[in-house]
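Every chain is numbered from 1 and lettered A, B, ... according to where its sequence line falls, protein lines coming before strand lines. Everything numeric here is computed off the predicted structure, so don't read it as measured data.
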Number of protein chains: 4
Amino acid sequence: MNASPRRKELTRLAAQLFVQEGFDRTTVRMLAQEMGIKSGSLFHHFKDKQEILAAVIEEGTQNALIIARKALDECAADPEIRLRTMARAHLETLFTDRNAHVVALFEWRRLDPEARAHLSHLRDAYEALWVTVIDDALEAGLIRGDRFLVSRFVLGALNWTVRWYDPNGPRSPDDLADELVAMIMPAST
Amino acid sequence: MNASPRRKELTRLAAQLFVQEGFDRTTVRMLAQEMGIKSGSLFHHFKDKQEILAAVIEEGTQNALIIARKALDECAADPEIRLRTMARAHLETLFTDRNAHVVALFEWRRLDPEARAHLSHLRDAYEALWVTVIDDALEAGLIRGDRFLVSRFVLGALNWTVRWYDPNGPRSPDDLADELVAMIMPAST
Amino acid sequence: MNASPRRKELTRLAAQLFVQEGFDRTTVRMLAQEMGIKSGSLFHHFKDKQEILAAVIEEGTQNALIIARKALDECAADPEIRLRTMARAHLETLFTDRNAHVVALFEWRRLDPEARAHLSHLRDAYEALWVTVIDDALEAGLIRGDRFLVSRFVLGALNWTVRWYDPNGPRSPDDLADELVAMIMPAST
Amino acid sequence: MNASPRRKELTRLAAQLFVQEGFDRTTVRMLAQEMGIKSGSLFHHFKDKQEILAAVIEEGTQNALIIARKALDECAADPEIRLRTMARAHLETLFTDRNAHVVALFEWRRLDPEARAHLSHLRDAYEALWVTVIDDALEAGLIRGDRFLVSRFVLGALNWTVRWYDPNGPRSPDDLADELVAMIMPAST
DNA sequence: CATGAATGAGAATTCATTCAT
DNA sequence: TATGAATGAATTCTCATTCAT
């Protein structure tokens, strides 16, 4: 709702702590300290600890959506390129805005029902992008299988990277994306 | 350590609660109630809340290892069959022993360092099985790509199923496994 | 560390309860009630139950040190007078600040190692005062014996008074002190 | 009451733990373990944790009484020798049966009222011995002062030794006793 | 006598949240 | 906006004691 720059900064710091410690284990005092204020003051910026979680996830998902849309808008219409672009965009957000996304992926269950309902829309919008890209690739014969299953598998493989990918290692996120796309395309020759 | 049948039963119930509520949100009182004892009695069977978590994960991982080994032992030596078998075994454990596995996948971070070290060995042993299967498939030209990346992608896609797969839906876990294998094999013709 | 007047008052009340019930038997709830706050609020002022104990003992020992130093500074240089002064000062603190001292004497073992180390310094400083006084008395031929033993015996006799002395009885603390000094001086004639 | 040799052994072990940890901090489980049985079994030997404490103190006080009586019976009738003998006997029991005595001295408050009443008699009997010895010494002009105060001071000085005396150091308990007696006798020349 | 499992009444401590200043 | 003190409900864990076997 409120999107003051201060609040945005606080959200960023909260994301980091939520990733490090998990939502439940992150105390309001830890959040406040990280933000350089006292715990009482936090409640001037956020109604709730819940609201902080929602802010983190909303921020992350919204960014992902923007980046993906922009990337798709800017790239060629070729299905293979679009697939690759989407995979790259996904990993790019996942690692530039990693904290928010890890929170979105692994603390979703901690959201209260209202927030969950609100944010589900955003999440669905993002997944819808994927479905169109997958559909096009299927239609073009680039890949085979059930559209639903394929998109789930691909998203799973991509999301799971947060568990093992080391950004300081030799491979770039773009490499990863390309490898995944290559893996599921029968014959890129 | 201690493996009384009572403890095993308690572990199973704990897994269920951990999945429903998350580890941090599951109180020892909830655990005790589910087990039909009083919270004080819990500490006869487990030293700690932590130890319950470790027991759940150990149990689950050990089962997965046993099932996968047995399945591989019993199946033919053909790389494609082995790959399919491994994927099926993975999903089978994931859904027959779902609770333990969801806990293992999503509450791993809540383990204390010692338990984590201990259980890492088990986890590694399991992943090693995957790597051999993937290696064979690569060598046989069934699939292409980096062995490390491929196994990570496949495991990610499979593990992520716990987030969306509905066992009461039209597809069986074996279907899922077959579809995934088909997806990554260039040309099964 | 923190020496807010509030904390000082709380420390005083804690000392009383620790004497009445013993440290281990005094619950934080009892402490809080005596202080007119709720148990949770206690931890705003003290990190720990341990810290309360340490505060009580520190407060008491510091007072004893100040009183003894001042008394010695103000009295004549005559060894006998100094000895009597020190004994009187000891009993004076022992009975004006009785609670803190009883805690210091009988709950010392309940301190955790760090607090013990910290407070040992204070205690040593106080005992050092005694040793100089005893040394002077020995040198002047007022008393005889090993300086170490004599000071231990004298301190023992004085400290033990908290076990039997009744402040409402006929004798004043100063009487006690004088009697003790008389007892150990061969011939005051 | 019951004085089986087994019970006596258990009492000895309990005394040790009570000294090491303090009565309140010694759990029934610790006691049982030290005794090589399980905590449930302890209650076949003692009705209560309280009863163990009472047994420890009773045992110790009774021994002190026996030793002191025997020592006085065997020594000459000379008041100075009797005084020295009593002091030596006190320290001897204090250090051969140290644990029981430290418990008696420092955990007395933890006794419940009945046990306290019962054991007070024993304690009084022991102190009565002291008073006769002190009286004789006063009458003989060996020492001066109020009989009550003198005996309190002497007992205090002796009891306090458990706080600082190192049995492995150069001085024997008998040395200590002699030094104390010398200290309070005007002119032993 | 011994045991192991269970109990239930606390114990210390934590923590999101409130609110007067 | 910020703070610091307070709250109260909840949390993990402890422990003397009981009792069926």
Original post:
Quick one: D:Ile37 CD1 to F:dT17 P, roughly how many Å, whole number?
Top reply: 14 Å
Subject >> D:Gly36 or C:Thr26, whichever maps to the more 5' nucleotide of DNA chain E >> reply: D:Gly36
Original post:
Between F:dA16 atom P and D:Arg110 atom CZ, what is the distance in whole Å?
Top reply: 15 Å
Subject >> Contact check, side chains of C:Phe106 and C:Arg163, non-hydrogen atoms, under 4.5 Å >> reply: yes
Original post:
Quick one: is E:dA2 close enough that its OP1 or OP2 comes under 4.0 Å of any side-chain N or O from D:His45?
Top reply: yes
Original post:
For the pair made of CG in B:Leu53 and P in F:dT12, what is the distance, rounded to whole Å?
Top reply: 13 Å
Original post:
Under a 3.5 Å cut-off for both distances, is F:dT3 Watson-Crick or wobble paired, and to whom?
Top reply: E:dA20
**OP:** Kindly determine whether C:Arg7 and C:Glu59 satisfy salt bridge (charged side-chain N to carboxylate O under 4.0 Å, His left out), including the steps that lead there.
**Re:** CA-CA 11 Å; C:Arg7 192 178 144 116; C:Glu59 176 79 7; over 6 Å; no
Subject >> Presence of C:Arg7 side-chain N/O under 4.0 Å of F:dG4 phosphate oxygens OP1/OP2 >> reply: no
Original post:
The side chain of D:Lys38 lies closest to which of these nucleotides: F:dG8, E:dG4, F:dA5?
Top reply: E:dG4
**OP:** Compare all side-chain heavy atoms of C:Glu58 with those of C:Thr11 and state whether any distance is below 4.5 angstrom.
**Re:** no
Subject >> Nearest-nucleotide pick for B:Arg29, side chain only, options being E:dT13, E:dC15, F:dC13 >> reply: F:dC13
**OP:** State which of F:dT7, E:dT7, F:dA16 makes the closest approach to the side chain of C:His44.
**Re:** F:dT7
**OP:** Could you say whether B:Gly40 or A:Lys47 is positioned toward the 5' end of DNA chain E, judged by the nucleotide with the nearest heavy atom to each?
**Re:** B:Gly40
Original post:
Are OP1 or OP2 of F:dT11 and a side-chain N or O of A:Arg25 less than 4.0 angstrom apart?
Top reply: no
Original post:
Taking for each residue the nucleotide of DNA chain F bearing the nearest heavy atom, is the 5' side occupied by C:Ser41 or by B:Val28?
Top reply: C:Ser41
Original post:
What nucleotide among F:dA2, F:dT17, E:dT17 has an atom nearest to a side-chain atom of A:Lys49?
Top reply: E:dT17
Original post:
Between F:dA2, F:dT18, F:dA10, which one does the side chain of D:Phe43 approach most closely?
Top reply: F:dT18
Original post:
Would B:Lys49 count as a cation-pi partner of B:Phe23, with NZ or CZ less than 6.0 Å from the six-membered ring centre and within 45° of the ring normal?
Top reply: yes
Subject >> Heavy-atom side-chain contact between B:Arg6 and B:Ile37 under 4.5 Å >> reply: yes
**OP:** Please state the P separation for the pair F:dT21 and E:dC1 - nearest whole angstrom.
**Re:** 23 Å
**OP:** Could you state the atom-to-atom distance from CD1 of B:Ile52 to P of F:dT12 in whole Å?
**Re:** 9 Å
